[in-house]
Protein chains: 2
Amino acid sequence: MQVASMPDWLDIVAEGDRPSRSVLILDGFVCRYRLLAEGRRQIVSFHTPGDIPDLQSLHLKTMDHNVGTLVPSKLGFISHADMHALIRRFPGLGSLLWRDTLIDAAIFREWMVGLGRRNAHQRIAHLMCELLLRFRGVGLAREYQAPLPLTQMELADALGLTVVHVNRVLRSLREDGMLRVDRTSVSILDWERTTDLAEFNPLYLHQDKDAPT
Amino acid sequence: MQVASMPDWLDIVAEGDRPSRSVLILDGFVCRYRLLAEGRRQIVSFHTPGDIPDLQSLHLKTMDHNVGTLVPSKLGFISHADMHALIRRFPGLGSLLWRDTLIDAAIFREWMVGLGRRNAHQRIAHLMCELLLRFRGVGLAREYQAPLPLTQMELADALGLTVVHVNRVLRSLREDGMLRVDRTSVSILDWERTTDLAEFNPLYLHQDKDAPT
DNA sequence: CGCTCTCTTGATAGACTTCAATGTTAGTGG
DNA sequence: CCACTAACATTGAAGTCTATCAAGAGAGCG
C-alpha cells in the first residue's frame, strides 16, 4: 500500500476515470460529489478515517462521480489486483467490504429521505446527528461535540440548499439552543430536541455491528 | 426457491424486520420506501423483474426501510443460508451480487443529485429517462415507451414533490411535447430535449456491463 | 496592507406547497 | 345496464419556504 498526503481541495478520483486502485482514508475528511450545469454541485457523502470511499471502483470500472479531500488528508492506495487477491484468500474480508458498501447505500437512502421530505431545519439537524455518531464510532468525537471542518457552502451542497439559507438556519438553531456549528466543529447542545426535530433514528447507520441473527 | 403471487400494495418486508430470506422479482414492479411523521413518505427506489430489492438483508440483519409491491407481482424467495452456500461455492456469483448492490447505490446517488439540485421539471424528465433505459435493459420497453404503473402520488413520493405539483409539471411537459405520462406508461416524445433538460447521463446505470479494464 | 474567501444580513422573487373543490375513471352490486 | 362508490386526476387561489441578488464585515495570508 502506498501512502500519500493530500492538501485540502484535491480531487482524488474524477467522474469518467477508470481507477486501478482504491483509496483508504488514514487521516482527514473526504467527500464524494457530482457537478451539474451552472456550477451546481451535490455532495453525496462524507467519509472519515477508516473508510474506503471509492470501494465501488473494484466492481464498477468507470467512476460516475468525483472523490475529493475537504481538509489536508493522509491516504493509502491499494491496487484492485491486491484487493482481489486478498478477498480470494480471505472470503470473510469480501463480506466485510460488501457490508461496508451496503451501509454506504443505507446512508444514501437516509440522505434521500432528507432531501426529499425534510425541511432545511430538519436536514441540518439530521446531518449533525449523523456526523456526531459516525465520528464517535471512529473515536474522534466527544459526547456531544464532533469535528466538522466544513464551510457553509460545503454544507449547503450536501444539504441541497443555498449558502445563504444554511447560514440563516444555523443561526436559528443556535438561537434556539439546539446546536452550534463553527468552522471546525459542531456541538449538539440539546440532543433530545435535535433528534426529535430531525426525526433521527440511528438504525440506518448499522453501528451495532448487527449482532448476527 | 419458493414462489408467491402478491397483490398490489403489499409490504414484502418492513422497517425493523430481520429477514432470513431475500426476494427475487419474477414479474411486477416493486419499490422501497421510508415513512416519516404526518404521512410523509419517500420512495427511494423502483425495482423491475430480475432485481433482488432486499439483497442488503444478506449482510445487514435489520431492515432500515420497507419494500412493497406497486402492482400485482410474482416473487421468488431465497433463504440467506442457501445464498451464502451458493456464494461460497461460486465466488463469481458473490461478485455479481455485490456489483448489483453497487449499481443500486449509484442510482441512489443520482436520485440524491436530483432531489438536491434539480427542479421539478428536471426531476421528472430525469426519472422518465432512467426508467425507460432500465425497462429497455430487461426487454420490457419499446424504443421510447415504457410501462409505468404508477399513480401521480407515487411519482410525487419518489420525486420529493406533492401530487398537485407533479400533475402540473406533467401537463407542462406534455404541452411542451417532451413526454407523456398516463396511468400505465410513459412515452418520451423528444428524447434529445428531454435528456438535455434533465442533464441525463446514463453512465450511472452501468448498463454497458462495464467491459473490464 | 491589500487580496480573497467565508460569513452575515436585508430585500425581493419564485418555486413549490397547502387548502379546497370539481372532474374523471374503474370497479361493484342491484 | 346503470347507479353508486372510491380512488385518482385536475385546476384555482393563497401562502410559505427557499432562492436570488446585493452588499458589508471578518479572518487568514502573502
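Every chain is numbered from 1, with letters handed out A, B, ... down the list of sequences.
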Starting at CE of M153(B) and ending at P of dA6(D), how long is that distance when rounded to a whole Å?
18 Å
Looking across every strand, which nucleic acid part, if any, lies under 4.0 Å from V163(B) by heavy atom: base, sugar-phosphate, or nothing?
nothing
Basic-acidic side-chain contact under 4.0 Å: R117(B), D157(A):
yes
Step-by-step salt bridge (charged side-chain N to carboxylate O under 4.0 Å, His left out) determination, R32(A) to D51(A)
CA-CA 12 Å; R32(A) 305 203 252 170; D51(A) 286 355; over 6 Å; no
For DNA chain D, whose closest nucleotide is more 5', that of R117(B) or that of W9(B)?
W9(B)
For atom NE2 of H165(B) and atom P of dC17(D), their distance in whole Å:
17 Å
Counting the atoms with a prime plus P, OP1 and OP2 as sugar-phosphate, which does R171(B) contact under 4.0 Å by heavy atoms, base, sugar-phosphate, or nothing?
sugar-phosphate
For atom CG of L173(B) and atom C1' of dA9(D), their distance in whole Å:
16 Å
Please determine if R118(B) and E199(B) form a salt bridge, counting it only when a charged side-chain N lies under 4.0 Å from a carboxylate O.
no
Please confirm whether the shortest side-chain N or O distance from N167(B) to OP1 or OP2 of dA9(D) is below 4.0 Å.
no
Quick one: R118(B) CZ to dT18(D) P, roughly how many Å, whole number?
20 Å
Is it the case that the base of dG10(C) and the side chain of R168(A) share a donor-acceptor contact (distance under 3.5 Å, atom types as modelled)?
yes
Expressed in angstrom and rounded to an integer, what is the separation of E154(B) atom CD from dA9(D) atom P?
9 Å
Can you tell me if the side-chain N/O atoms of Q152(B) get under 4.0 Å from OP1 or OP2 in dA7(D)?
no
Taking every non-hydrogen atom, the tightest pair across M1(B) and F77(B):
CG-O, 3.1 Å
As a test of reading the structure: which of dA9(D), dT17(C), dT20(D) is closest to the side chain of T162(A), going by heavy atoms?
dT20(D)
Please report the distance, rounded to the nearest Å, between CG in L150(A) and C1' in dC5(C).
16 Å
Can you tell which of dA9(D), dT20(D), dT17(C) lies closest to the side chain of R183(B)?
dA9(D)
Separation of dT18(D) P from Q122(A) CD (nearest whole Å):
9 Å
For ring-ring contact (aromatic ring centres under 6.0 Å, His included), just list the numbers for F135(B) and F46(B), CA-CA rounded to whole Å, side-chain angles, deciding distance to a tenth of an Å, and then say yes or no.
CA-CA 11 Å; F135(B) 272 109; F46(B) 292 121; 9.3 Å; no
Mind calculating the distance between CG (L170(A)) and P (dT9(C)) to the nearest angstrom?
11 Å
